[in-house]
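Contents: one structure, followed by commentary.
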Amino acid sequence: MFFIDSLEIDRVLRQLKNVYGSVSEDLRGWNWSNDILSPPLEGVYLSVSEIANRYCSTYRDIFLKRVMGTPAPYSYKTVRGWIYHAVYKKVVEKTKSKLYLEGLMNGSKLYTSLLIDKRDILEKIIEEYDIPKHLNPQILDKLIKETETLYSFLALQAASRLDRILSRISKLDLESIISKVTSVDVERIVNGQLIGLSSELKVDMFADKRIVIEIKTGDIRDFHKYAVTGYALAIESDLDIPIDYGIVSYIHVKDDYVKIRNKIYFIGDELRREFLEIRDEAFNIIHRGLDPGKPSSCPEYCVYYGVCR
């Protein structure tokens with residue numbers, strides 16, 4: 001999913017459009033000044049993940065972080081997410097730089113060139129995030145092996161994508177080929193303040209078909225669809241372009257294999273209203289400043305599970 005072939009997903013997107021229809025103008029992010037979209041509190045800005053990751057049904061996570069000032073503890077899954085995202089970004093950057101600096105090449109040469117840099121890139125990522133501080137040596141070794149597998153997989157996807165593009169076109173224009181091979185912006189910065197979100201939101205991937213893509217490294221959760229919805233609204237408010245589709249891409253590395261499962265969403269009226277209702281309740285928790293209490297049952301995968309229990 002990382003090196004997207006737009007032709008491969010066009011059919012699915014057309015089907016979604018036929019099923020769900022269009023998006024109400026009132027629910028487009030650029031209409032941020034209306035009663036539905038305007039944030040209920042001034043001067044308070046939340047990240048998309050704070051709103052979308054509804055591990056806690058009573059919103060006690062919002063209270064703990066925003067009212068009590070209790071940061072979410074780091075977990076292995078948190079650190080793994082940092083590293084996987086960093087690897088994705090580095091492979092795209094390296095693919096672009098290799099083609100710009102070394103010129104046009106076939107997929108085999110690109111793959112070999114990317115692998116040469118693998119160890120150096122991974123060591124810099126581990127150092128940048130100070131990973132040994134968060135993980136014991138045994139767990140760290142396991143994560144490094146997983147990360148090496150992921151890097152090699154993404155490098156191979158880039159090489160394969162390059163070969164497919166070269167096989168389809170007759171005019172070998174380097175700039176055009178690079179834009180097709182790496183047809184996504186990685187960690188696109190978006191200002192979501194007009195709808196009560198952070199000023200420097202990082203969209204995992206922003207595809208050339210105006211699709212927001214969220215990378216997840218854990219289990220599938222239904223509320224992940226609200227992440228792509230929040231980013232879509234933020235992009236519309238910041239850039240004045242319509243975002244109708246979102247993809248949540250679940251990445252798992254196990255036994256030297258990379259498994260990817262993609263869930264595609266039409267970001268229609270229902271999802272938009274649900275996200276805004278969650279946002280408004282989060283703001284109400286902050287405004288009241290009262291502990292909403294723990295839910296009757298807390299999922300162990302909640303980042304604040306150890307704090308509450």
Side-chain angles (χ1 to χ4, degrees), residues 41 44-88 125-147 150 196-198 200-202 204 214-231 248-254 259 261 263 274-275 277-309:
L41 283 179
V44 177
Y45 306 103
L46 301 179
S47 68
V48 168
S49 61
E50 286 179 282
I51 297 171
N53 291 345
R54 283 298 89 229
Y55 299 101
C56 183
S57 59
T58 66
Y59 294 74
R60 194 166 194 260
D61 56 326
I62 297 292
F63 171 77
L64 289 171
K65 182 176 182 179
R66 289 290 179 161
V67 179
M68 298 301 295
T70 305
Y74 295 133
S75 66
Y76 169 74
K77 291 183 178 180
T78 304
V79 176
R80 181 181 62 190
W82 296 344
I83 302 305
Y84 280 16
H85 280 78
V87 170
Y88 277 45
I125 292 174
I126 297 297
E127 180 182 354
E128 177 184 353
Y129 287 91
D130 198 11
I131 302 305
K133 176 182 177 181
H134 304 291
L135 301 177
N136 66 51
Q138 185 177 1
I139 298 298
L140 177 58
D141 288 343
K142 177 179 179 292
L143 180 58
I144 290 174
K145 290 179 182 178
E146 291 179 357
T147 307
L150 179 61
L197 302 178
S198 301
E200 294 186 354
L201 298 172
K202 286 186 179 180
D204 284 349
E214 174 79 351
I215 300 168
K216 293 296 183 183
T217 62
D219 297 327
I220 295 175
R221 309 290 179 197
D222 184 61
F223 53 72
H224 290 159
K225 61 190 177 186
Y226 298 126
V228 291
T229 305
Y231 287 123
V248 182
S249 188
Y250 295 91
I251 313 297
H252 294 96
V253 182
K254 185 178 180 180
K259 304 290 185 180
R261 179 175 178 182
K263 299 198 72 173
E274 290 173 357
F275 176 85
E277 288 172 3
I278 296 170
R279 180 203 66 175
D280 291 351
E281 181 57 30
F283 275 108
N284 286 335
I285 292 290
I286 297 170
H287 178 64
R288 291 194 297 264
L290 300 176
D291 190 343
K294 294 178 288 189
S296 57
S297 177
C298 289
E300 292 187 13
Y301 53 80
C302 175
V303 292
Y304 281 99
Y305 182 85
V307 176
C308 291
R309 296 293 173 180

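Tyr304 and Pro71 make their closest contact through OH-C, 3.5 Å (heavy atoms, listed as atom of the first residue, atom of the second, distance). Between Pro299 and Ser297, the closest heavy-atom pair is CD-O, 3.8 Å. Scanning all heavy atoms of the two residues, the minimum distance from Arg60 to Pro292 falls at CA-CG, 3.8 Å. Leu197 approaches Gly230 most closely through the heavy-atom pair CD1-O, 3.9 Å. For the residue pair Phe275 and Ile51, the shortest heavy atom distance occurs at CE1-CG2, 3.6 Å. Nearest approach of Asp204 to Ile215, heavy atoms of both residues: OD2-N, 2.8 Å.
Taking CZ of Arg54 as the start and CD1 of Ile62 as the end, the distance is 5.0 Å to the nearest 0.5 Å. Rounded to the nearest 0.5 angstrom, Lys263 NZ and Ile220 CD1 are separated by 5.5 Å. Between Phe63 atom CZ and Thr70 atom OG1 the span is 8.5 Å, to the nearest 0.5 Å. If you take OH on Tyr59 and CD on Glu50, they are separated by 13.0 Å, rounding to the nearest 0.5 Å. Distance check, rounded to the nearest 0.5 Å: CD1 of Ile285 to CG of Asp291 gives 8.5 Å. For the atom pair CG of Asp280 and CG of Leu41, the computed distance is 9.5 Å after rounding to the nearest 0.5 Å.
Contact check for Leu201 versus Ser198: side-chain heavy atoms found under the 4.5 Å cut-off. You'll find the side chain of Leu46 reaches within 4.5 Å of the side chain of Arg66, heavy atoms only. Counting only heavy atoms from C-beta outward, the side chains of Tyr55 and Asp61 never approach each other to under 4.5 Å. Side chains of Leu143 and Tyr76 form a contact here, defined as non-hydrogen atoms less than 4.5 Å apart. For the pair Ile278/Tyr226, a side-chain contact is recorded, criterion being any heavy-atom separation below 4.5 Å from C-beta on. Taking the side chain as every heavy atom from C-beta outward, Lys294 and Thr58 never approach each other to under 4.5 Å. Taking the side chain as every heavy atom from C-beta outward, Pro132 and Ile126 approach each other to under 4.5 Å.
The closest donor-acceptor contact from the side chain of His85 to the backbone of Gly81 lies under 3.5 Å. Of the possible polar contacts, one joining the Arg80 side chain to the Thr217 backbone as a donor-acceptor pair under 3.5 Å is found. Checking side-chain atoms of His252 against main-chain N and O of Gly218 turns up a donor-acceptor pair under 3.5 Å.
Taking 4.0 Å as the cut-off between side-chain N and carboxylate O, Glu146 and Lys259 do not count as a salt-bridged pair.
Counting non-hydrogen atoms of neighbouring residues, nucleotides and ligands closer than 6.0 angstrom, the CZ atom of Arg261 reaches no more than 12 such neighbours. Heavy-atom neighbours of Glu200 CD from other residues, nucleotides or ligands within 6.0 Å: at or below the threshold of 12.
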Criterion side chain to side chain contact (heavy atoms under 4.5 Å, CB included) on Glu214 and Val48, from CA distance to verdict: CA-CA 11 Å; Glu214 174 79 351; Val48 168; over 6 Å; no

Test log, rule side chain to side chain contact (heavy atoms under 4.5 Å, CB included), inputs Tyr88 and Leu150: CA-CA 9 Å; Tyr88 277 45; Leu150 179 61; 3.5 Å; yes

Evaluation steps, side chain to side chain contact (heavy atoms under 4.5 Å, CB included), between Trp82 and Ile125: CA-CA 9 Å; Trp82 296 344; Ile125 292 174; over 6 Å; no

Trace of the side chain to side chain contact (heavy atoms under 4.5 Å, CB included) decision for Lys216 with Arg221: CA-CA 10 Å; Lys216 293 296 183 183; Arg221 309 290 179 197; over 6 Å; no

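Checked against side chain to side chain donor-acceptor pair (under 3.5 Å), Ser49 has the following partners two or more places apart in sequence or in another chain: Ser47.
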